[in-house]
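Single-structure report; data block below.
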Amino acid sequence: QVQLVESGGGLVQAGGSLRLSCAASGRIFGISVMGWYRQAPGKQRELVATVPTGGNSNYADSVKGRFTISRDNAKNTVYLQMNSLQPEDTAVYYCYASIAVTIVSTYKTYWGQGTQVTVSS
């Protein structure tokens, strides 16, 4: 069984910073893409950032220059450093990872439980 466990959310004032972490555990043969989505109240879930294995990161236009995604492959962990936070960044942030559980398995997407980020003005 694969689990993704997130941490690092909370309440911060506008202009502040937070760092989210998401660790994958369980039966894991390999991980390709890892990333973050977010969902604000009344809005659709939107992609924030992705980082493939050994590839270039991608960001939503709304977070470019403020957020940085990174991963530690040895720890099966992805991070999201969020700087210059604004009230419009308030949302539940979900991590995801594309994981194969055995050498013959296809890659499937797994999700974290979500962590709340609230930015006050």
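Residue numbers start at 1 and run along the sequence shown. From a predicted model like this one, the values you see are computed outputs, not experimental measurements.
- Sorted by first and then second residue, the ring-ring contact (aromatic ring centres under 6.0 Å, His included) pairs involving residues 63-93 (not counting sequence neighbours) form an empty list.
- The other residues sharing a hydrophobic cluster with Y94 are V33, Y37, L47, V92, Y96, W111, where clustering joins ILVMFWY side chains under 4.5 Å apart.
- Under the 4.5 Å side-chain heavy-atom criterion for grouping Ile, Leu, Val, Met, Phe, Trp and Tyr, I31 is connected to V101 within one hydrophobic cluster.
- Residue pairs that meet the disulfide bond (SG atoms under 2.5 Å apart) test with at least one member in residues 48-121, sequence neighbours left out, are C22-C95.
- Not counting sequence neighbours, the partners of T68 by the side chain to side chain contact (heavy atoms under 4.5 Å, CB included) test are Y59, Q81.
- By the 4.5 Å heavy-atom criterion applied to side chains, S62 and R38 are counted as neighbours.
- Side-chain contact between D89 and R66 is present, with at least one heavy-atom pair separated by less than 4.5 Å.
- Here the side chain of T118 pairs no donor or acceptor atom with the backbone of T90 at under 3.5 angstrom.
- Looking only at distances, no side-chain donor or acceptor of E6 sits under 3.5 Å from a matching main-chain atom of L4.
- Shown here are the salt bridge (charged side-chain N to carboxylate O under 4.0 Å, His left out) partners of E88, two or more places apart in sequence or in another chain: there are none.
- In this structure, T50 OG1 and N56 CG are separated by 10.0 Å, a value rounded to the nearest 0.5 Å.
- Between G35 and I69 the shortest heavy-atom distance is CA-CD1, 3.9 Å.
- By the 6.0 Å contact criterion, CD on Q39 is enclosed, its count of non-hydrogen atoms from other residues, nucleotides or ligands being greater than 12.
- For the pair V117 and L20, the minimum side-chain heavy-atom distance is below 4.5 Å.
- Nearest heavy-atom pair, T77 versus M34, reported as atom, atom and distance to 0.1 Å: C-CE, 4.2 Å.
- Pairing each heavy atom of S121 with each of P87, the nearest pair is CB-CG, 3.8 Å.
- A side-chain donor-acceptor contact under 3.5 Å links R71 and T53.
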Report all side-chain donor-acceptor pairs from residues 7-18 shorter than 3.5 Å, counting only partners two or more places apart or in another chain.
residue : atom : partner : partner atom : Å
S17     : OG   : N83     : OD1          : 2.9

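- To the nearest 0.5 Å, atom CG of residue L80 and atom CZ of residue R19 are 10.0 Å apart.
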